[in-house]
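My questions all concern the structure below.
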Amino acid sequence: MKFRKPTSADLPLLSLWNHHLIRDERHRNRMAPSQLKRRMAGWLKKRQYSGLIFEVGPAPVGYVLYRKEKDHIYLRQFFIDRKYRRKGLGQEAMKHLLRKIWPKDFQIRLDVLVDNRRARAFWHSLGFRDYCLGMEKR
Ligand SMILES: CC(C)(COP(=O)(O)OP(=O)(O)OC[C@H]1O[C@@H](n2cnc3c(N)ncnc32)[C@H](O)[C@@H]1OP(=O)(O)O)[C@@H](O)C(=O)NCCC(=O)NCCS
């Protein structure tokens, strides 16, 4: 697996993946792909988040979007393309990020929707533990 920084040429793919991510995790966000594309372009241009695309051979298989804070990494988006799932690629990508990209003494923080069981199982498989449960009344 290889890792590369996204360029403006990747924005259509990243916004499509962002759209799939929102659908797959059953998030309430209803932004259209064109809006997601503008948001993604702004985040990367203003360096509000760093992005990396994962590739296997010539194929892009997923991406991460994160922000380095003072003492931790905030992981905003992590996604493996639907057709490449359950092949260990998500684990491989995360292990590389943890070992080679992010400072070893940094905590990694992320939010997972309670109903996103697949993602919860995934993070648990990497040693992440549940910490905070968000509450709401609708
Ligand atoms: C969550 C996600 C990143 C997992 O990526 P992946 O490459 O399919 O995961 P891996 O193949 O590396 O799986 C590693 C382990 O995670 C767990 N896991 C992954 N997918 C699972 C599923 N559908 N059901 C149960 N456990 C699962 C298993 O323990 C698995 O190990 P195993 O296959 O040996 O049982 C991917 O499904 C995805 O992009 N989902 C949509 C976006 C999303 O929810 N992102 C996370 C937001 S917080």
Side-chain angles (χ1 to χ4, degrees):
M1 183 180 284
K2 287 196 194 131
F3 294 73
R4 67 171 176 83
K5 288 192 175 158
T7 68
S8 53
D10 296 306
L11 282 172
L13 176 64
L14 286 177
S15 46
L16 176 75
W17 274 347
N18 192 175
H19 193 245
H20 287 176
L21 187 156
I22 289 166
R23 290 290 176 273
D24 293 349
E25 65 181 357
R26 285 191 249 123
H27 200 284
R28 287 190 205 126
N29 184 335
R30 281 293 165 263
M31 286 168 78
S34 57
Q35 294 173 300
L36 293 171
K37 190 171 160 191
R38 272 198 299 281
R39 183 176 72 167
M40 183 73 76
W43 278 345
L44 294 174
K45 194 170 166 210
K46 294 180 205 148
R47 307 215 172 151
Q48 285 166 314
Y49 290 97
S50 304
L52 282 174
I53 292 182
F54 322 139
E55 288 179 338
V56 174
V61 299
Y63 78 102
V64 63
L65 207 66
Y66 65 93
R67 191 169 61 216
K68 197 170 163 195
E69 300 284 0
K70 222 170 84 185
D71 61 354
H72 69 274
I73 298 289
Y74 175 64
L75 203 164
R76 171 88 194 221
Q77 296 179 354
F78 186 86
F79 179 83
I80 298 292
D81 189 293
R82 290 168 179 167
K83 58 181 178 291
Y84 295 108
R85 288 191 189 151
R86 212 67 199 264
K87 297 175 190 297
L89 295 178
Q91 266 201 359
E92 188 181 336
M94 267 311 293
K95 283 180 182 166
H96 182 86
L97 291 164
L98 290 165
R99 283 177 195 155
K100 308 272 185 203
I101 309 274
W102 296 329
K104 292 214 168 41
D105 53 345
F106 269 38
Q107 272 189 8
I108 315 299
R109 297 190 193 154
L110 57 101
D111 301 314
V112 187
L113 295 181
V114 174
D115 288 337
N116 190 357
R117 284 160 208 263
R118 170 177 48 203
R120 291 177 67 186
F122 172 72
W123 296 115
H124 288 160
S125 80
L126 281 158
F128 285 71
R129 291 291 159 254
D130 301 349
Y131 173 56
C132 179
L133 182 64
M135 305 286 280
E136 66 176 9
K137 180 163 155 42
R138 279 160 74 79

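Note that the structure is a prediction, hence the values are computed from the model and not measured. Just so you know, ligand 1 is whichever comes first in the structure, and atom 1 is the first atom listed for that ligand. Numbers here are sequence positions counted from 1.
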Checking side chain to side chain contact (heavy atoms under 4.5 Å, CB included) for the pair Met1/Glu55: CA distance, chi angles, key distance, verdict?
-> CA-CA 6 Å; Met1 183 180 284; Glu55 288 179 338; over 6 Å; no
Chi angles and distances behind the side chain to side chain contact (heavy atoms under 4.5 Å, CB included) call for Leu110, Tyr66 | CA-CA 9 Å; Leu110 57 101; Tyr66 65 93; over 6 Å; no
Within a distance under 4.0 Å of any heavy atom of Leu89, pick out the atoms of ligand 1 and give their elements.
-> 7 (O), 12 (O)
Part of Leu113 with heavy atoms under 4.0 Å of ligand 1, whether side chain, backbone, both or neither = neither
With distance as the sole criterion, is a donor-acceptor pair present between the side chains of Arg67 and Tyr74 under 3.5 Å?
-> no
Quick one: does Asn116 get an N or O within less than 3.5 Å of an N or O on ligand 1?
-> yes
With a 4.0 Å heavy-atom cut-off (strictly under), which part of Lys87 contacts ligand 1: side chain, backbone, both or neither?
-> backbone
Is the shortest side-chain N to carboxylate O distance from Glu92 to Lys2 below 4.0 Å?
-> no
To the nearest 0.5 Å, how far apart are CZ in Arg39 and OG in Ser15?
-> 10.5 Å
Heavy-atom contacts with Phe79 under 4.0 Å: which atoms of ligand 1 show up? List them by number with element.
-> 39 (O), 42 (C)
Do any heavy atoms of Leu126 fall under 4.0 Å from ligand 1?
-> no
Report the nearest protein non-hydrogen atom to atom 13 (O) of ligand 1: residue, atom name, distance rounded to 0.1 Å.
-> Phe122 CD1, 3.9 Å
Taking atom 6 (P) of ligand 1 as the reference point, the nearest protein heavy atom with its distance = Arg86 N, 3.8 Å
Just wondering, are more than 12 heavy atoms of other shown residues or ligands nearer than 6.0 Å to CZ in Arg47?
-> no
If you scan protein heavy atoms around atom 5 (O) of ligand 1, the nearest is Ile80 CG1, 3.7 Å
Can a donor-acceptor pair be found between the side chains of Gln107 and Asp71 at a distance below 3.5 Å?
-> no
for atom 11 (O) of ligand 1, nearest protein heavy atom and its distance come out as Gly88 N, 2.8 Å
For atom 37 (O) of ligand 1, which candidate among His27, Arg120, Arg85, Met94 holds the nearest heavy atom?
-> Arg85
Which word best sums up how the rings of Phe79 and Tyr63 line up, parallel for under 30°, tilted for 30 to 60°, or perpendicular for over 60°?
-> tilted
Shortest protein contact, atom 12 (O) of ligand 1 (heavy atom only) = Gln91 N, 2.9 Å
Of all protein heavy atoms, the one nearest atom 15 (C) of ligand 1 is Ser125 OG, 3.4 Å
Could you pull out, from Phe78, Phe128, Trp123, the option with a heavy atom nearest to atom 48 (S) of ligand 1?
-> Trp123
Arg85 (side chain) donor-acceptor with Ile80 (main chain) under 3.5 angstrom = yes
Can you pull out the closest protein heavy atom to atom 26 (N) of ligand 1? Residue, atom name and distance to 0.1 Å, please.
-> Ala121 CB, 3.4 Å
By number and element, which atoms of ligand 1 are closer than 4.0 Å to a non-hydrogen atom of Asp111?
-> 48 (S)
A student comparing His124, His20, Arg82, Glu25 should find that the heavy atom closest to atom 47 (C) of ligand 1 comes from Glu25
Salt-bridged, Asp130 to Arg120, with N to O below 4.0 Å?
-> yes
Please determine, by modelled atom types, if His20 and Asp81 share a side-chain donor-acceptor pair under 3.5 angstrom.
-> no
Which residue owns the protein heavy atom closest to atom 23 (N) of ligand 1, what's the atom, and how far is it?
-> Arg118 CG, 3.3 Å
